[in-house]
Each structure stands twice: as C-alpha cells, then as structure tokens.
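Report on the following structure.
Protein chains get the first letters and strands the later ones, always in sequence-line order, with residue 1 at the start of each. Heavy atoms only: backbone and side chains are in, while hydrogens, waters and symmetry mates are out. Remember, it's a predicted structure, so these values are computed and weren't measured experimentally.
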2 protein chains.
Amino acid sequence: MQRDTVQRRAIRKVFKDLGRPLSPAEILQTARAQVPNLGIATVYRSVKGLTEEGWLVPIDVPGEAQRYELSGKDHHHHFSCRQCGRIFDFDGCPKDLAKLVPQGFLMEDHEVFLYGRCADCRKDR
Amino acid sequence: MQRDTVQRRAIRKVFKDLGRPLSPAEILQTARAQVPNLGIATVYRSVKGLTEEGWLVPIDVPGEAQRYELSGKDHHHHFSCRQCGRIFDFDGCPKDLAKLVPQGFLMEDHEVFLYGRCADCRKDR
DNA sequence: CGCTTAATGATAACGTATTTTCGATATGGC
DNA sequence: GCCATATCGAAAATACGTTATCATTAAGCG
C-alpha cells in the first residue's frame with residue numbers, strides 16, 4: 001500500500017514549486033524547509049516510487065548526478081547554468097538534426113544540452 | 001620526466017586506430033592486444049597525463065562513464081549506439097540553437113547527442 | 001481510539017569508477 | 001652496460017551516489 005505521508009507530500013510540492021529537474025540532494029535540501037529532519041533515504045525511496053508510478057522521469061545530464069523531473073511535459077531539452085549549477089527546461093528543439101546523422105546510421109532519439117548563465121546569475125555580476 | 005613506455009605507446013595507438021571516444025575500460029581491453037598484462041591503473045595514469053598535456057580531451061556522455069578522445073578535431077558531436085554501446089563522432093551541428101535559449105539566459109556552449117543504431121549494428125539483424 | 005504495518009531516519013553496506021600504495025621493472029642519460 | 005628513478009601491475013584504498021538494515025514512528029482502516 002502507498003501511504004500519503006508528510007515527507008512525500010513535501011517532495012511532490014518541491015517539484016511542483018520549482019518546476020525544473022532536481023537531483024536527490026537538491027530535493028533533500030529544498031524539502032527540509034517543510035520537513036526539517038527529512039532523510040536522504042526517504043528522498044531516494046520516494047523518487048523511486050514516484051518514478052515507478054510515472055509521476056517523475058529520470059534525466060541524465062552529462063557529467064552530473066541523476067536528476068528527475070515531472071513527467072508529461074511537452075518535448076523539451078535542458079539548459080545548465082555553470083554558475084549556480086541549476087538545470088532549466090527550454091521548449092522546442094533543433095529542426096535539422098536528421099541531416100547530421102552519419103551515413104548508414106539510424107537515429108532513434110536525440111538530446112540537446114545548452115550551457116551558460118541563467119537569468120538570475122547573469123544579473124548577479 | 002615523461003618516459004616513452006610501451007604501455008603509453010599502445011594507448012596512444014589505440015586512440016589513433018579507433019578514432020572515437022573511449023572509456024578507460026575500452027582502452028584497457030583494446031590496448032591489451034599489444035600489451036597483454038596492461039593494468040587499469042596505468043590506463044588511468046596515462047589518460048590523466050595525456051589529458052594534461054592536451055593530447056586527449058574528456059567527453060561526458062549522459063548516463064555513462066567518462067570517455068576521452070583525441071584533441072584538435074573540428075567542432076563535432078556524438079552518436080551513441082544503443083546496441084554495441086560505442087560512441088561515434090559526427091560533424092556539424094544544428095544551426096538554430098540560439099533561438100531556443102530562454103529569455104534572459106546566456107548560452108556559452110552546447111552539446112548534442114544522437115542515439116540509435118550504428119551502421120555495423122544495423123546490418124547484424 | 002487502537003492496531004497493523006508501511007514508512008521513516010540514521011547509519012551501515014554496497015557498487016562502481018578512480019586513485020593510491022608499494023615492491024618490481026624498465027627507460028633513458030651517462 | 002650501469003644506475004637513478006619514472007613507470008608499471010596488482011591490490012588496497014578512496015570517493016560518492018545509491019540501497020539495505022533495523023528500531024522507531026505514524027498513516028489509515030475498523
């Protein structure tokens with residue numbers, strides 16, 4: 001049975017409030033505002049459960065720890081801020097990917113990552 | 001002092017022969033054709049040295065172990081074969097990335113990964 | 001409210017990639 | 001060829017993200 005606990009409610013709220021891909025460490029840090037002594041094990045357990053039930057989807061970012069985001073979004077890719085380390089969504093994707101595929105290869109999927117400064121970090125200095 | 005050993009020569013040869021990004025495990029496996037009892041520690045030490053001297057560059061592939069490839073290539077991105085697990089280079093990149101950047105964000109860099117079947121694996125079955 | 005048991009938190013254990021240790025070996029200058 | 005020492009290989013140690021353990025807590029049904 002799945003119980004509706006304060007910990008899981010807090011974790012779901014974090015995803016709905018922040019609306020960007022989060023790592024377990026980010027989830028822990030943010031959700032502790034609601035549940036001060038939340039444990040990392042509970043974060044992993046909840047994320048696993050929420051992923052299995054299709055509420056979250058895993059996101060692989062090159063060279064970084066696994067992140068998760070809300071499922072059901074339109075096709076999109078990710079922007080990584082080099083200053084604050086946060087990952088943001090952006091809509092759309094390049095239209096001319098097919099012509100890049102090497103001769104004889106079959107493209108089934110694609111990923112695009114942009115790197116730079118987010119709007120917040122650009123202001124700072 | 002940097003010595004020119006049979007192990008380092010074999011590792012350099014592997015990169016020149018295969019011409020694609022390699023993980024330490026792939027390097028070890030391939031270079032053992034030349035140096036049968038090559039150790040993984042030597043692979044890591046050599047890769048570190050070759051990276052520091054700019055002969056190799058590290059490549060982060062989402063969800064996979066660190067890989068390295070020869071430096072000095074023209075701008076390119078990577079294709080990952082889901083069947084054999086090998087990574088291949090492909091030239092060129094999408095032209096319309098700039099319009100995807102969120103309002104207020106600064107794009108400094110980009111990465112594109114294509115996934116599918118390489119020419120070899122497509123033939124197999 | 002009382003009870004069953006799923007869920008929690010702290011911590012140990014784990015898996016995997018990478019680095020260090022150390023005695024043995026081989027490179028390269030003389 | 002000889003020697004100093006950088007490099008090697010094997011294995012232990014480390015780093016770090018994730019999972020398992022277990023005693024305790026609390027969700028939620030009757």
Side-chain angles (χ1 to χ4, degrees), chain A residues 1-15 20-69 78 80 85-87 113, chain B residues 1-15 20-53 55-69 78 80 85-87:
Chain A
M1 189 201 311
Q2 277 284 77
R3 289 183 180 174
D4 187 34
T5 65
V6 295
Q7 289 86 352
R8 285 183 197 171
R9 277 195 297 275
I11 289 171
R12 277 195 292 258
K13 182 166 161 48
V14 164
F15 277 98
R20 56 186 182 80
L22 301 172
S23 65
E26 284 178 311
I27 299 166
L28 179 67
Q29 187 185 348
T30 311
R32 275 187 166 163
Q34 312 287 320
V35 185
N37 45 0
L38 178 64
I40 188 65
T42 297
V43 172
Y44 277 102
R45 278 185 291 244
S46 301
V47 162
K48 188 179 178 185
L50 291 169
T51 301
E52 283 169 357
E53 71 184 51
W55 198 82
L56 290 177
V57 292
I59 304 291
D60 282 330
V61 182
E64 293 190 35
Q66 180 86 243
R67 287 165 190 263
Y68 299 85
E69 74 176 348
H78 299 102
S80 173
R86 294 183 294 179
I87 306 285
F113 294 91
Chain B
M1 184 204 312
Q2 278 283 76
R3 289 184 180 174
D4 186 34
T5 65
V6 295
Q7 290 84 352
R8 284 182 197 170
R9 277 196 296 277
I11 289 171
R12 277 195 292 259
K13 180 166 163 46
V14 164
F15 277 99
R20 57 185 180 82
L22 301 172
S23 64
E26 283 178 313
I27 299 166
L28 179 67
Q29 186 185 350
T30 311
R32 275 187 166 165
Q34 312 287 320
V35 185
N37 46 359
L38 178 65
I40 188 66
T42 297
V43 172
Y44 277 103
R45 277 186 291 242
S46 301
V47 162
K48 187 179 179 184
L50 291 169
T51 301
E52 282 169 357
E53 71 183 50
W55 199 80
L56 289 178
V57 292
I59 304 291
D60 281 330
V61 182
E64 292 189 36
Q66 181 85 242
R67 287 164 190 265
Y68 299 84
E69 73 176 350
H78 299 101
S80 172
R86 293 183 296 179
I87 306 285

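- Contact annotation: Arg8(A) does not reach the phosphate of dA27(D) (side-chain N/O to OP1 or OP2, under 4.0 Å).
- Applying a 4.0 Å cut-off to non-hydrogen atoms, the residues of residues 34-47 of chain B that approach DNA chain C are Ala41(B), Tyr44(B), Arg45(B), listed by residue number.
- One interatomic measurement links the two molecules: CG of Leu28(B) to P of dT16(C), which rounds to 17 Å at whole-angstrom precision.
- Closest approach of Arg8(A) and Arg3(A) over heavy atoms only: NH1-O, 3.5 Å.
- Between Gln2(A) and dA27(D) there is no side-chain N or O to OP1 or OP2 distance below 4.0 Å.
- With rounding to the nearest 0.5 Å, the separation of OG in Ser46(A) from CD in Gln2(A) is 8.5 Å.
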Practice item. Start with the C-alpha distance between Glu64(B) and Ser23(B), add both sets of side-chain angles, then the distance that settles side chain to side chain contact (heavy atoms under 4.5 Å, CB included), and finish with yes or no. Key: CA-CA 9 Å; Glu64(B) 292 189 36; Ser23(B) 64; over 6 Å; no
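- The side-chain hydrogen bond (donor to acceptor under 3.5 Å, both in side chains) test applied to Gln66(B) returns Asp60(B), not counting sequence neighbours.
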Exercise for review: Could you please spell out the steps behind the side chain to side chain contact (heavy atoms under 4.5 Å, CB included) verdict for His78(B) and Ile59(B)?
Suggested key: CA-CA 9 Å; His78(B) 299 101; Ile59(B) 304 291; 3.7 Å; yes
Close N or O pairs between protein and nucleotides 25-27 of chain C (under 3.5 Å):
| from | atom 1 | to | atom 2 | distance (Å) |
| --- | --- | --- | --- | --- |
| dT27(C) | O2 | Arg3(B) | NE | 3.4 |
| dT27(C) | O2 | Arg3(B) | NH1 | 2.8 |
| dT27(C) | O2 | Arg3(B) | NH2 | 3.0 |

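- Nucleotide dA17(C) holds its C1' atom 14 Å from the CD atom of Glu26(B), rounded to whole Å.
- Taking Val14(B) as the reference, Leu18(B), Leu22(B), Thr30(B), Ala31(B) meet the side-chain contact (heavy atoms from CB on, under 4.5 Å) condition, with sequence neighbours excluded.
- One axis for each end of the helix from dC1(C)-dG30(D) to dC30(C)-dG1(D), each built from five base pairs, and the angle between them comes to 40° at 10° resolution.
- The two atoms that bring Ile11(A) and Thr42(A) nearest to each other are CD1-O, 4.3 Å, heavy atoms only.
- Taking atom CG on Leu22(B) and atom P on dA17(C), their separation rounds to 16 Å, with Å as the unit.
- Listed in residue order, the members of residues 48-59 of chain A having a heavy atom less than 4.0 Å from DNA chain C come to none.
- Not a single side-chain contact (heavy atoms from CB on, under 4.5 Å) links Asn37(B) to another residue, sequence neighbours left out.
- Residues Ile27(B) and Val47(B) approach most closely at CD1-CG2, 3.6 Å, considering heavy atoms.
- Of all the heavy atoms in Val43(B) and Pro24(B), the pair that sits closest is CG1-O, 3.7 Å.
- Annotation for Phe15(A) and Tyr68(A): closest pair CE2-O, 3.2 Å, computed over non-hydrogen atoms.
- For residues 26-51 of chain B, the pairs satisfying salt bridge (charged side-chain N to carboxylate O under 4.0 Å, His left out) are Arg20(B)-Glu26(B), Glu26(B)-Arg67(B), with sequence neighbours left out.
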